[in-house]
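What follows is a short report on a single structure.
We name chains A, B, ... by the order of the sequence lines, and we start the count at 1 in each one.
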Amino acid sequence: MAGGEHRRLGMWLFLASLTMLFGGCLVGFIVIRLQAPEWPPAGSPGLPGAFWLSTVLLVLISVLLTAVQRSFRDGSGGSSARLLTVTVILGIAFVLSQVSGWARLTAASQLPQNNLFLFGVYVLSFLHVLHVVGGLVPLIWVTLRSRRGRYTAEDHEGITVVAMYWHFLGVVWLGILAVLVF
Amino acid sequence: MAVDTASLDGAAVGTRNQESYLTHGRGILSWLFTLDHKRIGVMYLVAITASFFLGGVFALLVRTELLTSGPTIMTADAYNKMFTLHGAVMIFLFIIPGIPAAIGNFVLPLMLGAKDVALPRLNLTSFWFWMIGAVFALVSIIVGAVDTGWTFYTPYSTTTGTAVISMTLGVFILGFSSIFTGLNFIVTIHKMRPEGMTWFRMPLFLWGLYSTAIIQVLATPILGITLLLLVAERALGVGIFDPTLGGDPVLFQHFFWFYSHPAVYIMILPAMGVISELVSVFSGKHIFGYKFIAWSSIAIALLSFLVWGHHMFTSGQSGITNMIFSALTFSVAIPSAVKVFNWLATMYKGSIRLATPMLYVLSFLFLFAIGGLTGLFLGALSTDIHLHDTYFVVAHFHYVMFGGTVIAFLGGLHYWWPKMFGRMYSEKWGQVSALLIFVGFNLTFFTQFVMGSHGMPRRYYNYVEEFTTLHQASSVGSYVLALGFFIMAGYLIHSLFRGRPAPNNPWGSATLEWETTSPPQYNNFDHEFLAGDPYDLNSLRYDKATQGWVRKDPQSIILAEGGAH
């Protein structure tokens, strides 16, 4: 599949580009916290509990997408449409969990203006959620196509590149958590 | 237009008389939603030329204001906005996308003997991102012109009352366009080279585009995140560049230059690629030192990520940091000089034809050498402290970016124009215009070297009396430059309607884009290629009947008849 190879290489390059985007942002925050006399600044809350739920959701999504690809590799691909539908639901749940995390913080008057730790919490998670929303569109697209039986064991490149993107989102989220928590 | 030229198929054996890409599909929508790389390239060309015109008008207004010290035609505030707009439009709308998006899109698949780029839909998406980004940028010009300079330095950019948010969002979207184009070019070059075209048999223009694309993909996101953090800081009133809560405004400079220094190589590397093609063809000689030129492109791309700190010698960063960045900066001179010496060696004992594209090559060599060598003054710590933020920097920048990139762009435009539109332009007027641009350019910017070394600061609205003559000479130079461009616009537009139909290969080039008709047929080629040496000019002979060049053995580069449609 020449077209599939093109798309896979294209996705690798796109992920390299996004690595620079998130990597740059995280380095910026690391620099700021290294310069700070106290971190997190006094009066900062811990991360909202919803963010831990978010983490579980992203891991589940990666597991399910791997299962989808495996189902094709084993020949049938029969369960792929159902598994993909679940990942879409989990993806939407991720966005909602992030929103509820922000709502929790805002309700407790923990606003991005308070200090740079909170600024980081909001900005990094917002930047990430933007990419999740961006990832939901192709995920829904391949799910719909899968329900119509458009993918076969030989040709399911669309699912492969979407899965690459979602695995990447999971890794980035772990990186963000690491910078915020430790 | 120009289908008649398709009959001149002496060079393109196996190329049937097919409809050209210009006439395949009519109406504005057939252009706006085309997936054809050639049409996308032409749309970019139109769009970036319009941007160049706009940026040029801003430049002329700036130079006119500087005819006298104090108010000449505008207020000081208007002047600040004017030079910001000149810089932002020229950099983000013209010079970054210029060669890769316009000429690259048109030429790259043709040079590979391919039907299109690897990801045509992404290519169109990239064009539309460019248009949307450009609209954002232009709207912010109309709503409230930005006055930060094109560098958007904090804390001024987070506090000024002008439309910084929409301008930076525009630049952010333009960044996506640039990333998509780069990504597409890398995939295309990796996956779509024809049989026989190994990495070291690629035309050097493709090496230029490839190394540019690496920078586009890896550096542009840093600009994206920088501008997003800037927008967040403006919107929320706090951020990591804000020192009141422990942020660091110098961090903005690090971020900004981590992109924007590599970005100057996004601008110059494709230009160097163009020069490599032209210098061989118009010297009638095989390129000298092919591998050195190819590797030096990659070396420049990699080194470009390591020198950003030389923009910040006076920012308060530590002395040891300054020394490291200074030393690394000098290292860029090595691959750059490798290229220049190889171009000169290519010309040595060649039969040089002084056609318009070659005049631009000679201009490039002269101007880029001055631009490059004056970079050493700025890379050296002691002299930079004296020259920092003076007109010397402005002159250096323009010698590299205008004298380098724009001149190469013009050379490339004249070289590929017959292929793009199937018409020859007036050679005589082409030479007149090239000469005027060369003279006008030097008058405009050499004077600025003198002013800068005497201490005239950049971006100032007023100046002391002793600089009057030099400022006025510089302004007159800019008018000569403008005249050169108006003449160029005149004869190029004239050629579209009245120009002599172009043969398939008017210059005697051995790269594959000259194997199709002029203008190219819709599907580029009817057969696949067995690519040989792209600089084997001896494989061609001049054909008087078509006034173009044809292959001595046309079958030698053909792989199979009837390639896929």
Side-chain angles (χ1 to χ4, degrees), chain A residues 1-44 106 111-128 130-131 134 157 161 172 179, chain B residues 116-123 172 175-176 178-180 182-192 213-229 231-233 235-248 250-252 254-256 258-259 262 305 564:
Chain A
M1 288 305 298
E5 271 179 35
H6 295 176
R7 275 183 286 168
R8 265 207 309 276
L9 178 58
M11 181 51 81
W12 276 117
L13 292 166
F14 187 57
L15 295 184
S17 196
L18 286 180
T19 303
M20 294 299 285
L21 181 94
F22 283 106
C25 197
L26 291 177
V27 166
F29 277 95
I30 291 169
V31 168
I32 290 303
R33 72 173 280 184
L34 289 178
Q35 290 179 358
E38 182 191 7
W39 194 268
S44 306
T106 326
L111 302 172
Q113 287 87 348
N114 292 15
N115 61 46
L116 287 182
F117 171 75
L118 279 162
F119 180 79
V121 171
Y122 281 96
V123 167
L124 290 172
S125 58
F126 182 72
L127 186 66
H128 182 260
L130 276 183
H131 288 81
E157 284 294 339
V161 290
V172 167
V179 169
Chain B
D116 210 317
V117 291
L119 305 162
R121 280 195 185 81
L122 190 67
N123 203 15
F172 183 76
F176 261 103
S178 186
I179 291 172
F180 287 157
L183 189 157
N184 215 340
F185 284 4
I186 294 180
V187 178
T188 308
I189 289 174
H190 267 274
K191 299 290 181 188
M192 296 180 72
I214 292 174
I215 308 177
Q216 284 176 306
V217 168
L218 294 181
T220 315
I222 301 291
L223 178 71
I225 193 64
T226 313
L227 297 179
L228 279 185
L229 288 170
V231 168
E233 184 157 336
L236 299 172
V238 62
I240 65 169
F241 308 130
D242 178 359
T244 52
L245 281 177
D248 185 356
V250 176
L251 188 61
F252 177 87
H254 279 291
F255 267 131
F256 182 82
F258 188 83
Y259 165 74
F305 285 96

If I measure from the heavy atoms of chain B, does A:L127 come under 4.5 Å with its side chain, its backbone, both, or neither?
side chain
Picking from A:P37, A:G28, A:G120, A:P41, which has the most non-hydrogen pairs under 4.5 angstrom with chain B?
A:G28
For B:L236, is it the side chain, the backbone, both or neither that has a heavy atom under 4.5 Å from a heavy atom of chain A?
both
So which residue, B:G182, B:G239, B:G247, B:A219, ends up with the most heavy-atom pairs under 4.5 Å with chain A?
B:G239
Can you confirm whether more than 12 heavy atoms, excluding those of A:W12, are under 6.0 Å from its CH2 atom?
no
Roughly how far, to the nearest 0.5 Å, is CG of B:D242 from CG of A:L116?
7.5 Å
Hey, what do you get for CG (B:L228) to CG (A:L21), rounding to the nearest 0.5 Å?
7.0 Å
Minimal non-hydrogen separation, A:P112 against B:V238, with atom names:
O-CG1, 3.5 Å
Euclidean distance, A:S17 OG relative to B:F176 CZ, rounded to 0.5 Å
8.0 Å
Say you draw a straight line from CG of A:L13 to CZ of B:F180; how long is it, rounded to the nearest 0.5 Å?
12.0 Å
Does any heavy atom of chain B fall under 4.5 Å from the side chain of A:A16, the backbone, both, or neither of them?
both
Over all atoms of both residues, closest heavy-atom pair of A:F119 and B:L229
CE2-CD2, 4.5 Å
Heavy atoms, side chains only, cut-off 4.5 Å: are B:M192 and A:H6 in contact?
yes
Gap between atom CD1 of B:I186 and atom CG of A:L9 - 0.5 Å precision:
7.5 Å
Side chain, backbone, both or neither: which part of B:H190 has a heavy atom under 4.5 Å from chain A?
side chain
What part of B:L183 lies closer than 4.5 angstrom to a heavy atom of chain A: side chain, backbone, both or neither?
both
With only heavy atoms counted, which part of A:Q113 is less than 4.5 Å from chain B, the side chain, the backbone, both or neither?
both
Side chain from CB out, backbone as N, CA, C, O: work out which of these in B:L218 comes under 4.5 Å of a heavy atom of chain A, or both, or neither.
both
Against chain B, label A:F14 side chain, backbone, both or neither, depending on which of its atoms sit under 4.5 Å from a heavy atom there.
both
Within this structure, what is the CE-OH distance for the pair A:M20 and B:Y259, rounded to the nearest 0.5 Å?
12.5 Å
